[in-house]
Amino acid sequence: MEAAGKLAIVASETASVGHVFEAERRRLFSLAYRLLGSASDAEDVLQTAFERWMAADTVVAEPSAWLTTVVTNLCMKQLGSARRRREVSGPWLPEPVVTSAGELGPLETAEQRDLVSFGMLILLEKLSPAERAVFVLREAFGHGYAELAQILDRPEASCRQLHRRAVRRLGMAGPSRRFRPDTGQWRELTERFFAAAARGDVPGLERLLADNVTYAGDGAGSGLPIARKRVAGRSRVAQLFGRGIRLYAADPRFAAAQLSVAEVNGELAVLARSSGRVVMVLVLEWDGAAVTALWLVTAPLKLGHVGRWAERARPAELDLPRWASQPHDK
């Protein structure tokens with residue numbers, strides 16, 4: 001009986017410790033994702049942090065601070081090797097994350113959305129691991145310099161310097177004021193964009209694009225044609241999509257794909273699903289007058305998070321023509 005009682009106490013304590021971690025999980029995932037740009041890597045970090053949390057043999061007075069420190073330092077260790085892999089693997093984009101359910105925390109303001117956008121996560125690749133950690137912890141989570149000094153085990157003055165350097169390297173003179181279209185506006189623009197692309201209507205596409213529009217794609221492992229470098233400028237991006245749609249339409253995965261809408265990294269995006277699987281995510285950023293950026297992800301290893309969401313949810317389908325059946329200009 002005594003042994004059984006001790007086992008019950010241990011089980012109860014373990015459950016309590018696990019409950020504390022679960023209460024912090026969403027915030028910790030949000031932090032790890034911003035630091036790594038990868039949902040799958042962020043989940044791996046959380047698993048390691050959980051194992052360390054369960055194995056801790058001392059009473060943790062401030063669990064939130066302890067876990068933040070562990071997750072931040074695990075991510076910083078990963079960032080160096082991750083950057084080397086990205087430099088040799090060709091074009092790199094972040095792993096798309098559906099944000100409509102608060103997976104990355106509240107995204108109610110332009111500043112909050114900007115900090116998880118594809119554009120920002122790509123910019124963060126310029127920073128050293130320490131600069132990135134300080135910037136994310138301060139800008140996205142509101143940590144003061146004294147807290148940063150404890151998390152990174154650095155002098156407070158060093159953390160201030162790292163933050164100033166990060167802001168300078170990112171070219172941020174002030175907070176972003178990203179336009180936020182309502183769903184109806186965005187759907188209308190997207191339908192016009194896909195209709196023009198399906199027709200091979202390059203002039204029609206140019207009318208929808210900003211002068212300085214940029215495009216980048218990540219298709220590692222998909223076997224699909226994708227531009228190997230970033231493309232900039234209205235004419236070049238219009239020509240790329242005017243030709244590209246017919247190439248995708250020739251692929252069996254896309255010929256009968258269902259196109260739907262979801263909020264990805266704080267922006268509305270098009271999902272292509274084929275045979276129940278997500279095979280493409282296309283994020284279109286809009287400034288209220290024209291498309292300013294397009295981010296295309298077809299890399300299978302980067303579609304897991306969005307794919308799991310799509311299995312649970314019922315994404316609203318877009319009213320688009322069958323791109324495979326559209327006449328193309330010769």
Side-chain angles (χ1 to χ4, degrees), residues 26 28-46 71-72 75-76 78-105 107 111-129 131-133 135-137 139-141 166 169-170 172 176 178 214-222 226-231 262-272 278-285 292-310:
R26 179 165 286 190
L28 295 173
F29 174 80
S30 178
L31 169 61
Y33 175 75
R34 284 171 167 85
L35 290 175
L36 299 173
S38 166
S40 55
D41 287 348
E43 290 289 0
D44 290 344
V45 163
L46 261 62
V71 167
T72 299
C75 289
M76 288 174 64
Q78 280 205 21
L79 280 170
S81 58
R83 181 169 297 170
R84 286 192 293 272
R85 291 197 307 271
R86 292 165 188 175
E87 287 173 350
V88 300
S89 62
W92 176 88
L93 290 180
E95 182 176 348
V97 169
V98 175
T99 49
S100 52
E103 190 76 4
L104 297 180
L107 301 178
E111 291 83 359
Q112 289 170 336
R113 292 193 302 274
D114 190 61
L115 288 171
V116 298
S117 69
F118 269 49
M120 176 57 73
L121 292 172
I122 292 169
L123 277 177
L124 290 177
E125 292 288 298
K126 295 181 177 182
L127 305 182
S128 71
E131 289 169 347
R132 186 165 182 164
F135 180 84
V136 167
L137 286 165
E139 298 296 330
F141 296 90
R169 294 186 69 184
L170 294 174
M172 294 176 62
S176 169
R178 186 188 299 275
T214 60
Y215 157 84
D218 189 336
S222 69
I226 199 159
R228 297 294 297 170
K229 295 182 180 180
R230 182 174 296 201
V231 179
E263 183 188 284
V264 172
N265 290 67
E267 301 285 351
L268 292 170
V270 176
L271 310 186
V278 174
V279 293
M280 181 195 78
V281 173
L282 176 64
V283 180
L284 294 94
E285 294 183 8
T292 57
L294 299 111
W295 314 103
L296 176 67
V297 179
T298 59
L301 291 178
K302 292 193 174 180
L303 297 175
H305 186 279
V306 174
R308 289 189 294 274
W309 173 83

**Considering all heavy atoms, the nearest Arg26-Glu103 contact** = CG-O, 3.8 Å
**Request:** Mind checking the CE-CG spacing from Met76 to Leu36? Nearest 0.5 Å is all I need.
**Result:** 11.5 Å
**Message:** Could you measure the distance from the CG atom of Leu79 to the CG atom of Leu35? Nearest 0.5 Å is fine.
**Reply:** 6.5 Å
**Prompt:** Is it true that a side-chain atom of Glu95 and a backbone atom of Ala39 form a donor plus acceptor pair closer than 3.5 Å?
**Reply:** yes
**Request:** For residues Leu93 and Ala216, report the shortest heavy-atom separation together with the two atoms involved.
**Result:** CD1-O, 3.5 Å
**Item:** From Asp41 atom CG to Leu46 atom CG, the distance as rounded to the nearest 0.5 Å
**Value:** 11.5 Å
**Message:** Between Trp295 and Val264, is there a side-chain heavy-atom distance shorter than 4.5 Å?
**Reply:** no
**Message:** On a heavy-atom basis, which atom in Pro94 and which in Val297 lie closest, and how many Å separate them?
**Reply:** O-CG2, 4.3 Å
**Heavy-atom donor-acceptor pair, Arg169 side chain to Lys126 backbone, under 3.5 Å** = yes
**Smallest separation among heavy atoms of Ser30 and Gly105, with atom names** = OG-N, 4.4 Å
**Prompt:** Closest heavy-atom contact between Glu139 and Leu115?
**Reply:** O-CD1, 3.6 Å
**Request:** For the pair Phe29 and Leu104, evaluate side chain to side chain contact (heavy atoms under 4.5 Å, CB included) and give the outcome as yes or no after the intermediate values.
**Result:** CA-CA 7 Å; Phe29 174 80; Leu104 297 180; 3.8 Å; yes
**Asked** Excluding sequence neighbours, so at least two apart, what forms ring-ring contact (aromatic ring centres under 6.0 Å, His included) with Tyr33?
**Response** none
**Request:** Drop me the distance from Leu123's CG to Arg132's CZ, to the nearest 0.5 angstrom.
**Result:** 10.0 Å
**Request:** Measure across Trp92 and Gly37 and return the closest heavy-atom pair with its distance rounded to 0.1 Å.
**Result:** CZ2-O, 4.0 Å
**Request:** Please tell me if the side chains of Pro96 and Lys302 come closer than 4.5 Å, counting only heavy atoms from C-beta onward.
**Result:** yes
**Item:** Distance (rounded to the nearest 0.5 Å) between Thr292 OG1 and Leu284 CG
**Value:** 9.0 Å
**Item:** Nearest-0.5 Å distance, CG of residue Leu271 to CH2 of residue Trp309
**Value:** 6.0 Å
**Request:** Begin with the C-alpha distance, continue with both residues' side-chain angles, and end with the deciding distance and a verdict on side chain to side chain contact (heavy atoms under 4.5 Å, CB included) for Asp218 and Phe118.
**Result:** CA-CA 12 Å; Asp218 189 336; Phe118 269 49; over 6 Å; no
**Prompt:** Looking at residues at least two apart in the chain, or sitting in another chain, which of them share a side chain to side chain donor-acceptor pair (under 3.5 Å) with Ser222?
**Reply:** Thr298
**Asked** Has the side chain of Asn265 got a donor or acceptor atom that lies under 3.5 Å from a matching backbone atom of Val116?
**Response** yes
